[in-house]
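Computation of the quantities below employed the complete heavy-atom set of this structure, encompassing side-chain atoms and omitting hydrogens, waters and symmetry-equivalent molecules.
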Amino acid sequence: MPSSHKKGGGASVPKFTSFKPKGPDIIQPVAETNINRPQPFDHHITQLGDSKVHRRIPVGGDATLNTSPRPSRTSQQPADRKLDGDVSYSIDRSGDTLILRYGSNDRSRVPRYRRIGAGRILGADGFMKIENLGSREEFFIRNHYESGALLSSDKKNLQARGMRTDSRPVRIRHAASDAGDATEDYLSFRTSRKRKRDGSTPEESSADEGPSYRSIHGKSRQHQYSDSSEADDGDASEDVSNRGMGDPMTMRSVELSRKVRECPEDVESWLELVDHQNALLDVQSGARAPTAAEIKSFADIKLSLLEQALSHNKDDGLRERLNFKIIEEGLKVWEFKVASKRLAEMVRNYPNSFKLWKLHISFLQSTLSACRYDEIKRLYTEKLQSLRKIFLDLSTPADLIECSEQIIYVFLRLTCFLADTGFAELASAAWQASLELNLARPSTLPQKEWEVPSSFQEYWESEVPRLGEDNWRGWASFAAGDAAQEPSDPKAADRSVLPTTRDGYKAWHAVEQQRARNATIPARTLDEGAEDDPFRVVMFADFQNILLYFPADIVPQLRSQLLDAFLVFYRLPPCSHNDNIVNAAVRDPFLVRSVQDIPFTQLSSRHSVGWPEGQQNKLPEFSYGIQHMSLTPENLFPSKSWFRYLGQIRDKAPPDHYQWVATTLKQLTQVIGIGELGPYTLAFESINEPGSEKKRAKALLKQDPSNVDIYLGYSILEGERDNKAAARNVLSAALGLPSITAHDQIRLGIGAMWRELDDGHLAKAVLQLCQFIEHRPKPGSAQTPQASEPTPSQILKTKQFLVTNRDYKISSGNVSEALIYAEGLVLLDYLTERSEKESSSAKQGDIWSAIVRITQCSEDLVSRGQQHSPSHEKFLQSSARLLYYHASHG
């Protein structure tokens, strides 16, 4: 003991500020009565967490004994502890989105720790564990043979650990003992086998040879594992063969591998096996996006499989499919020179393959070093000319329609490419001329003519008003010579707003951007400012090789495709989704050209872990720049409580651009008489030019009185303006028209139900449908009798009517009309059934019964192969609308 601890002993020690004396040690009493007591929880943590921390034992006379009784554990509650004011932590209730994005916490800010029990979850068995994978912690649910310690004393557990595919049981062979070894004078550590120089081996020594290292498994595999536990080995091998049977991915892989092994000429099986690798990649990547290395690795596997399939097939058609798949997967791993060479070679070998040409042109446009304007435009022009030659040699209607759709697609891709590269006037002029050539041609032209008539060139060069411009009379009137047409008046140049910046480069950039926005429509020769940019004046020779001109007898079958392609070019959603070309166009990244107006700030991230502050009671955002939904009157016409198909573009597009599109839609609908474009035009004008919907709707209904979509849309517009009586009168008047079919009357009845639902009148909604089915409106009796609520017999008759017609339409193959009756049946079950499965308010119905009806109908369509049909999508959209109504009225 140092002398400094004794009282009054020795000389005084000098004190320095850098050597501060330590405080007196606090001595804890150790009583004999506490030996058998359980130690406190913090004491165990100290012993487990840091073995260097020990209790101080009081030594010396100056040690002060603490005789106060130890506080009980129940008196120290966590809630009574007061934190210091300078505690450096905060409570984060919103969460960190980067945790889900990168898959783990920031390891540099987390203190090092280890989990007790080798990562096992507290309170669970050994099947659930948290293990470290590199710098991340992952949660695993192990199988029964993967749990437990490897060196456990349980024999079955050890055998189960050896059942994995990457492990082989090792058995210790009992060496045969020679009886003469004990009598020898020495023990030999080497075998007495001698090398045979003649290469001959006696038969009796073949069984004593060691394993052949030409195989990694040895020579005699049938004699392995020959110990006493043969019964256990049999059970283990049986489990190894059956343990993957419960995994659908493994079963599918085994099935496809067996198919291609048994029948290597089956191309479909090879392609299914190749496509199955995408599912395996998704399983491997999990919730995160696959890395470039993973994509490349799986692409190499696909290429290997495709090369094997190609070696077993000699048919040209099958080899074309396999070669296309090889090119498609090879572009993910090949260098640019190799990919360009292989693509050019395949295009030469299969010049009529449209999919291969499409892949080639997409590769050139998406590769910066290969994207050259003149070369790509030449490829588009040559493809259009080659397709026209193919069209002339076809005879069947189906082949003619397919070839025509390919021509429209190539023309759409070409015009989008021209507009993106700065030649917007040329692209707009090509569409302006193509629409008039096919939809407003003179009736005196031959039906089978393919070449553009010379009279159209005269019409274009005369610079008279064209399609989409004021005072337009058309090419037919010009060719007939009905009246002399004068060229349009010259347009004055738009007064540009001078930039306020003093930077010359920024000022030049602003002026060029403004001129580019105003140069989307072709100009006339006499327009002001046309001499500064000669490309703004488009002559007939500039686009005569790329114009669309189909024979007159096939135009009616291509009209919807032409209109949809025109709308897609001008960055508007199509007016129908029933064509293959339209479905491909809305998903094509080369056609969806502008996403600048998508409100990304209003999109919720998939990594968000909580609601932002103040978002719980906010209505969802129903309007987006790009939509992908089936077109129905409920989403076509603007509504505050559902998704919107169209957006407002008047303030976003250049004035000339918007005016030309709006005028073209009016002229196509009213002058040319395209009735299916009427609801689209009415919705477009109601969004961009509100106020004249009533006048426009009357004009459209006078032109096409049996268009149910116009009635439904105009009723929605009046309902959104709180004109409830006008909305009901529109539907009542439409129900009494004799030209409306039975299924369209059901649509109007469903629309009337939704008008009552939006007002909170559930009983009146049911009554609307029941009275309509029991007493169908006749001309002159549009108004239905008023009643308080429907009777049970009315509800039963209505349900029987809907079920009978739905089943009949489905059995006859008319899915679109069958789902109209199914939608009415879902609404009827929602408003009349009482399953008591879910609680509901006065403005809500029985959502459980509605979901049961929706599920039954959807499963029926899936069993009939209609799961991807547009009618099924519309039915699911209406079901989603009902779910939103139920959730927002609780």
Exercise for the section: Walk me through it: do S576 and L631 pass the test side chain to side chain contact (heavy atoms under 4.5 Å, CB included)? Expected result: CA-CA 7 Å; S576 67; L631 181 60; 6.0 Å; no
Exercise for the section: Before giving the answer on salt bridge (charged side-chain N to carboxylate O under 4.0 Å, His left out), spell out for R348 and E345 the whole-Å C-alpha distance, their side-chain angles and the decisive distance to 0.1 Å. Expected result: CA-CA 5 Å; R348 288 193 301 268; E345 180 182 356; 5.5 Å; no
Exercise for the section: Decide side chain to side chain contact (heavy atoms under 4.5 Å, CB included) for D315 and V267; before the verdict, give the C-alpha distance in whole Å, the side-chain angles of both, and the deciding distance to 0.1 Å. Expected result: CA-CA 10 Å; D315 184 73; V267 176; over 6 Å; no
Exercise for the section: Please lay out, stage by stage, how K325 and D275 fare under the test salt bridge (charged side-chain N to carboxylate O under 4.0 Å, His left out). Expected result: CA-CA 10 Å; K325 198 68 175 179; D275 294 336; 3.2 Å; yes
Practice task
List the steps, then state whether side chain to side chain contact (heavy atoms under 4.5 Å, CB included) holds for L547 with F540.
Solution key: CA-CA 10 Å; L547 285 178; F540 181 78; 3.9 Å; yes
Exercise for the section: Please lay out, stage by stage, how Q457 and V452 fare under the test side chain to side chain contact (heavy atoms under 4.5 Å, CB included). Expected result: CA-CA 8 Å; Q457 181 178 359; V452 178; over 6 Å; no
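Judged by distance alone, the side chain of Q667 and the main-chain N or O of G468 form a donor-acceptor pair under 3.5 Å. A side-chain donor-acceptor contact under 3.5 Å links N635 to the backbone of S630. S362 places no side-chain N or O within 3.5 Å of a backbone atom of L359 that could act as its donor or acceptor partner. Using modelled atom types, no side-chain atom of R466 and backbone atom of A433 make a donor-acceptor pair closer than 3.5 Å. A donor-acceptor contact shorter than 3.5 Å is absent between the side chain of Q557 and the backbone of I401. Between the side chain of N688 and the main chain of R650, a donor-acceptor pair closer than 3.5 Å is present. Although no hydrogens or angles enter the test, the distance criterion places a donor-acceptor pair under 3.5 Å between the side chain of R441 and the main chain of L437. Judged by distance alone, with hydrogens and angles left aside, the side-chain atoms of W472 form no donor-acceptor pair with the main-chain N or O of T664 at under 3.5 Å. In this structure a side-chain-to-backbone donor-acceptor pair under 3.5 Å is present from Q277 to L273. Under a 3.5 Å cut-off, the side chain of R524 and the backbone N or O of V464 do form a donor-acceptor pair.
No more than 12 heavy-atom neighbours from other residues, nucleotides or ligands sit within 6.0 angstrom of CD on E451. Within 6.0 Å of the CG atom in L368, the count of heavy atoms belonging to other residues, nucleotides or ligands does not exceed 12. More than 12 heavy atoms of other residues, nucleotides or ligands sit less than 6.0 Å from atom CG of D503.
Counted by atom type alone, D300 and S297 present zero donor-acceptor pairs between their side chains at under 3.5 Å. For T669 and T681, the side-chain atoms include at least one donor-acceptor pair closer than 3.5 Å. Side-chain atoms of S353 and E320 include a donor-acceptor pair closer than 3.5 Å. The closest side-chain donor-acceptor pair between E463 and T525 falls under 3.5 angstrom.
Checked for salt-bridge contact, E335 and K341 miss the test: no charged N lies under 4.0 Å from a carboxylate O.
When all heavy atoms are compared, the tightest approach of D656 to I521 is O-CG1, 4.0 Å. Of all the heavy atoms in F684 and V661, the pair that sits closest is CZ-CG1, 4.4 Å. Pairing each heavy atom of L591 with each of C416, the nearest pair is CD2-SG, 3.7 Å. For the pair L445 and W475, the tightest heavy-atom approach, listed with the atom from each and the gap, is CD1-CH2, 3.4 Å. Scanning both residues, A299 and V333, for their nearest heavy atoms gives CB-CG1, 3.7 Å. Summarising the geometry of K383 relative to S386, their closest heavy-atom pair is O-OG, 2.8 Å, with the distance given to 0.1 Å.
Rounded to the nearest 0.5 angstrom, Q385 CD and I546 CD1 are separated by 11.0 Å. The line from CZ of F423 to CZ of F543 is 15.5 Å long, rounded to the nearest 0.5 Å. Rounding to the nearest 0.5 Å gives a distance of 7.5 Å between CZ of R644 and CD1 of I687. Note that NZ of K302 and CG of L281 are 7.0 Å apart. Values are rounded to the nearest 0.5 Å. Interatomic distance, Y350 OH to D316 CG, rounded to the nearest 0.5 Å: 6.5 Å. Rounded to the nearest 0.5 Å, atoms CG (L379) and CD1 (I361) are 4.5 Å apart.
Close placement of the Y380 and W357 rings is indicated, their centers lying within 6.0 Å of each other. The distance between the ring centers of F566 and Y570 falls below 6.0 angstrom. Taking the six-membered ring for Trp, Y373 and F417 have ring centres closer than 6.0 Å. Ring to ring, F456 and Y549 are not that close: their centroids are 6.0 angstrom or more apart.
Put simply, the side chain of F391 reaches to within 4.5 Å of the side chain of P551, judged on heavy atoms. With contacts defined as side-chain heavy-atom distances shorter than 4.5 Å, the pair H657/K652 does not qualify. With contacts defined as side-chain heavy-atom distances shorter than 4.5 Å, the pair E402/Q406 qualifies. The shortest distance between side-chain heavy atoms of P522 and Q432 falls below 4.5 Å. A 4.5 Å side-chain heavy-atom check between K296 and K332 finds every atom pair outside the cut-off. Inter-residue side-chain proximity for F478 and R473 is flagged as unmet; no heavy-atom pair is nearer than 4.5 Å. Taking 4.5 Å as the limit, some side-chain heavy atom of L572 sits within range of a side-chain heavy atom of I649. Side chains of D420 and F590 form no contact here, defined as non-hydrogen atoms less than 4.5 Å apart.
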